[in-house]
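All remarks here apply to the structure that follows.
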Amino acid sequence: MTGLKIQQNEDVHQRVLDAQMKKALAQREPTWDEVWFTGWAKPSGKNQPGIFQSKLSGLDKERLHKVKLAIESGEISRDVESLKKFTKAHALRLYKVLQDTRKHSILQKMVDETPDNYRFIQTEVQLEQLVQDLADETVIAVDTETTGLDVYNDMIVGISLTLPKADYHVYIPVAHKVGKQLNRQVVLNALTPMLSNPTVGKVLHNAKYDIHMLIRHGVRMRGLVHDTRVAMALLNENEPSYALKNLATKYGSKFGFEDTSHTFDELFGKTCFDEVPLDVALVYAAKDTHLTWKLYEWQQQHLQRLGKLERLYRELENPLIEVCVDMEQCGFLIDKNYAQQYGEELRSEIRQLEQSLTDHFGDINYNSTIQLARKLYDELKLPEVNARSTDVKTLKALKDKHPGIEYLLKYRELTKLLSTYVEALPERIKPDGRIHGSFNQVATVTGRFSSNEPNLQNLPIKARKLIIAPPGKLLIGSDFSQIEPRLLAHISGDKHLQEPYLNGQDLYSTLASKVFKKPIEECGDGSKYRKMMKVGLLAVMYGTSMHTLSTQLEITVDEAHQFIGDFFRTYPQVHSFIKYTHEFVKENEYVETLYGRKRRFPGHRQKAKVYDSLAKQICEILGVDELPLNVWRNNDIPRDLKRRFYDVKGDVESARRQSVNAIIQGTAADVMKRAMLNLHKYCTARGWTLCGTVHDEALMIVDDTVTECDVKEIEACMITAASLTVPLKVDTEIMQRWGEGVKKGEWFASAA
DNA sequence: CGGCTGGGCCAC
DNA sequence: AAACGTGGCCCAGCCG
């Protein structure tokens, strides 16, 4: 009876999907390449020294040499004042030399072609006029030039502004080594009312960086209306470079910049911007805001055209930029003593392991896969189970073959922990005693956050323990429970998958009971069926091959195939959703999340058509409906057909897996980002701080007086971030040390 | 020496 | 032939 019912549901669902598909196709948007996919920007000359730097490098050496000679010959004395005089005089001479030698260079061309409406602000009078003109503007473009990229150590060298109504672009040098300029504080004082005024809209490229920089100089910028870097990531998540000048070179012709725009690296390499002569600085820096403004106008058109993306940008990504800034400013406190002590323990344990390893394998570098493979496979003749690989999986398989392997595995584990985390984290401590990793909201194709310098999203539990709450504070970690399966249940509309969530049952137990047709008692926590189901559901969402699934579950490939088949028969709408997604991406070359974030697959349609037609031919030859598991080994299929099929197989199947995954993972990312906006608002109002995210988890620093009721409100911020057909669930841990969390129930029980 | 790549491995 | 999605960091080894 149930089988028949499911069958009927599937048919109904299929008809709905067919209708949706027809509708989608009828009104489908032109795909990316049809509209404006004009090829890749070439980040050329990336590892070259920069036009400016190459001219300076020789002179720099010369300067050092001359200073040395002058000191040795007694021409100047060793005191600071004389040295300063000498180098300043030399800097001026250097500048003149530079002016002579770059006559035919790109820099000279840039300077010669400086547009009339690029202006310096070098005097009090000019600054006063600028402030007056700014009063008439409603939205402006802003950019800062700095001594480097470290927002906690480097300094602002100059500020660029674009005034769209007055139609001019300014560069305000404030800390160049040579040239007429105003004092930085004078300039900031004059601009602060405008910068901190939220009703004056600001447009920037990578605003997070400039906001941090201004914070460093005591100014909190408000009124961010558009970030061309973030918006570009929504408009093309596949863009190979988001450097402003690379975007200008690639898309500039759409908004009036026909020439090649050179990036900072290309022009200046590692030269500090305060050494760049003012005439070059003007044309480079003013062009920054000029380009940003033009890019903004052009992006606006496209965001309007793609309505959903405009909303996603305005409601989610743009406000999230400030959240990100606050998160990074907060940072994490490291327990230095713990790190020191733990480091010592690890080093001593590693030294002992090295001794044992030397006894077993002789004096080689155990971090070198090349030396290790030579030792294991050439000298010791261990069986090559996995093509001379030396990864953990292979080593575990070889464990019985050689007594040294277990030491090697332990060595791997400990050196990874020591070098990547325990030693690396304390080195990141900034002047304020904390580590400020950065969180990037637009670094992934699916919309997830990424983190770097250091990556705070991949700390193992043992390394998380280095991070502690500041005195009088507590760390709170709230994570969405099973958000991806819940989203699969919502998006696929599969009533059977939704059921356990609606009835408050355990998902994996229920699933296992149905798919394996076992009584629920046999599928409880810790049962093998529940464990298998957990892996199996992930496999369905990620599109795992039968081969991989079979090794993961330690079953045969046929059993894995049977398992997935049973799963799809039990949850037919999940199957329909996946098939529908594959069809959709084949026609449209993109998929989108619940909130309209897109993942595009340029060029997929053609390959998918080839794939489908070849697959059909193969099926016809074999007289079957479904592609067999191993086409390659089947000798009934002509070699040429097989070859052509395998030419596109990898790309097409990969894009299909990515498309399904992008919808689930991307929607989860959207929900988390919405939750973060809620949490940031809530925490800020209480004087607390949202300080990080690990994909489905939010981290906060709160007062140690936090109550059970506060925690409920925090969870509500997250749960209400999306309204789905299944409820969202949040689990919260409270901790003094990350990685030593206590569930909220236990925490408040023991507190009372 | 700095930059790059591939192998390996940490997280969700 | 390839085998599961999204990231970033460390190390060895190579190159200019």
Side-chain angles (χ1 to χ4, degrees), chain A residues 46-49 237 265 269-270 364-373 386-395 408-409 411-425 427-428 437-440 442-464 479-484 535-552 557 560 599 629-634 642-643 645-651 653-666 668-669 672 692-697 739:
Chain A
K46 207 179 165 190
N47 43 14
Q48 273 148 31
E237 73 288 348
D265 277 350
K270 287 183 170 303
I364 60 166
N365 183 349
Y366 306 105
N367 290 319
S368 162
T369 51
I370 295 173
Q371 294 179 37
L372 206 52
N386 190 7
R388 294 173 66 89
S389 165
T390 59
D391 63 15
V392 170
K393 228 175 132 233
T394 312
L395 290 181
L408 206 47
L409 285 165
Y411 177 82
R412 278 272 171 82
E413 187 192 327
L414 298 188
T415 50
K416 172 81 180 177
L417 190 58
L418 183 67
S419 65
T420 311
Y421 306 106
V422 178
E423 282 182 338
L425 287 179
E427 283 171 16
R428 297 279 182 183
S438 78
F439 287 92
N440 192 339
V442 285
T444 70
V445 283
T446 53
R448 267 189 179 185
F449 265 88
S450 81
S451 164
N452 65 2
E453 293 184 334
N455 183 351
L456 293 161
Q457 294 184 317
N458 76 339
L459 303 183
I461 285 186
K462 285 177 180 174
R464 289 183 178 184
D479 69 288
F480 279 118
S481 162
Q482 295 174 359
I483 188 163
E484 293 192 4
V535 177
L537 185 63
L538 231 61
V540 167
M541 289 197 294
Y542 292 164
T544 307
S545 72
M546 297 309 148
H547 179 274
T548 307
L549 183 61
S550 71
T551 52
Q552 276 175 358
V557 173
R599 169 135 198 215
L629 288 177
N630 45 6
V631 170
W632 194 255
R633 296 218 186 100
N634 195 315
K642 281 198 280 198
R643 196 189 49 74
F645 183 62
Y646 273 83
D647 265 358
V648 290
K649 185 177 187 285
D651 284 353
E653 291 183 351
S654 172
R656 287 180 177 173
R657 288 192 296 272
Q658 289 169 344
S659 67
V660 173
N661 182 258
I663 296 172
I664 305 291
Q665 192 185 103
M672 181 42 115
T693 169
V694 192
H695 309 307
D696 61 4
E697 180 181 11

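Chain letters run A, B, ... following the sequence lines, proteins first, then strands; residues in each count from 1. These numbers come from the heavy atoms of this one structure, side chains and all, not from hydrogens, waters or symmetry mates.
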Quiz item: Hey, does Val392(A) reach any base, or is it just sugar-phosphate, or nothing, if we go heavy atoms under 4.0 Å?
Solution: sugar-phosphate

Exercise. Check whether any side-chain nitrogen or oxygen of Thr390(A) sits under 4.0 Å from OP1 or OP2 of dG8(B), and answer yes or no.
Key: yes

Practice problem: To the nearest Å, give me how far apart CG (Leu456(A)) and C1' (dG7(C)) are. | Solution: 13 Å

Quiz item: Does Arg657(A) place a side-chain N or O at less than 4.0 Å from the phosphate oxygens OP1/OP2 of dA2(C)?
Solution: no

Quiz item: Hey, does Val631(A) reach any base, or is it just sugar-phosphate, or nothing, if we go heavy atoms under 4.0 Å?
Solution: nothing

Quiz item: Which whole-number value in Å describes the distance from Glu653(A) CD to dG5(C) P?
Solution: 11 Å

Quiz item: What is the distance from CG of Leu395(A) to C1' of dC9(B), rounded to the nearest Å?
Solution: 12 Å

Quiz item: What residues form a side-chain hydrogen bond (donor to acceptor under 3.5 Å, both in side chains) with Asp696(A), not counting sequence neighbours?
Solution: none

Quiz item: How many angstroms lie between CZ in Arg412(A) and CG in Asp391(A), if you round to the nearest 0.5 Å?
Solution: 7.5 Å

Short heteroatom pairs, N/O only, protein and nucleotides 9-11 of chain C, under 3.5 Å:
{"from": "dC9(C)", "atom 1": "OP1", "to": "Glu453(A)", "atom 2": "N", "distance (Å)": "2.7"}
{"from": "dC10(C)", "atom 1": "O3'", "to": "Ser419(A)", "atom 2": "OG", "distance (Å)": "3.4"}

Quiz item: Which distance, rounded to the nearest 0.5 Å, do you find between the NZ of Lys649(A) and the CZ of Arg643(A)?
Solution: 16.0 Å

Self-check item: Exercise: identify the closest heavy-atom pair between Leu425(A) and Ala463(A)
Solution: CD1-O, 4.3 Å

Practice problem: Under 4.0 Å between any heavy atoms, over every strand shown, what does Leu459(A) touch: base, sugar-phosphate, or nothing? Just pick one. | Solution: sugar-phosphate

Quiz item: Between Gln371(A) and dG13(C), is there a side-chain N or O to OP1/OP2 distance below 4.0 Å?
Solution: yes

Quiz item: With a 4.0 Å cut-off on heavy atoms, is Arg643(A) in touch with a base, just the backbone sugar-phosphate, or nothing at all?
Solution: nothing

Quiz item: Checking all strands, does Leu417(A) fall into the base, sugar-phosphate, or nothing category for heavy-atom contacts under 4.0 angstrom?
Solution: nothing

Quiz prompt | Atom-to-atom span, CG of Leu372(A) to C1' of dG6(B) - whole angstrom | solution = 16 Å

Quiz prompt | For atom CG of Asp651(A) and atom P of dA2(C), their distance in whole Å | solution = 11 Å

Practice problem: Using only side-chain N and O atoms of Thr444(A), determine if any of them is under 4.0 Å from OP1 or OP2 of dT6(C). | Solution: no

Quiz item: Looking for any heavy atom pair under 4.0 Å, which part of the strands does Thr415(A) touch: base, sugar-phosphate only, or nothing?
Solution: nothing

Practice problem: Give the nucleotide from the list dG7(B), dT6(C), dG5(C) with an atom nearest to the side chain of Thr369(A). | Solution: dG7(B)

Quiz item: Quick one: CZ on Phe480(A) to NE2 on His695(A), what's the gap to the nearest 0.5 Å?
Solution: 14.5 Å

Quiz prompt | Interatomic distance at C1', dA1(C) relative to dG8(B), whole Å | solution = 23 Å

Exercise. Calculate the interatomic distance between Ile364(A) atom CD1 and dA12(C) atom C1'; express it in whole Å.
Key: 13 Å

Quiz item: Between His695(A) and Asn630(A), which has a closest nucleotide on DNA chain C that is more 5'?
Solution: Asn630(A)

Quiz item: Any side-chain heavy atom of Glu413(A) sitting closer than 4.5 Å to one from Lys462(A)?
Solution: yes

Quiz prompt | base_contact_polar (dC9(B) base, Arg412(A) side chain, donor-acceptor, <3.5 Å) | solution = no

Self-check item: dC12(B) OP1/OP2 closer than 4.0 Å to side-chain N/O of Gln665(A)
Solution: no

Quiz item: Among dG7(C), dG8(B), dA2(C), which is the nearest nucleotide to the side chain of Ser450(A)?
Solution: dG7(C)

Quiz item: Going by atom types alone, do Asp651(A) and Ser654(A) pair a side-chain donor with an acceptor below 3.5 Å?
Solution: no

Practice problem: State which residues pass side-chain hydrogen bond (donor to acceptor under 3.5 Å, both in side chains) with Arg428(A); sequence neighbours excluded, sorted by chain then number. | Solution: none

Practice problem: Could you grab the distance from atom OH of Tyr366(A) to atom CG of Leu408(A), nearest 0.5 Å is fine? | Solution: 8.5 Å

Quiz item: In whole angstroms, how far is the P atom of dG7(B) from the NZ atom of Lys393(A)?
Solution: 16 Å

Quiz item: Would you say a side-chain N or O of Arg599(A) is under 4.0 Å from OP1 or OP2 of dT6(C)?
Solution: yes

Quiz item: Roughly how far apart, to the nearest Å, are dA3(C) and dT5(B) at atom C1'?
Solution: 23 Å

Quiz item: To the nearest angstrom, how far is Glu697(A) atom CD from dA11(B) atom P?
Solution: 13 Å

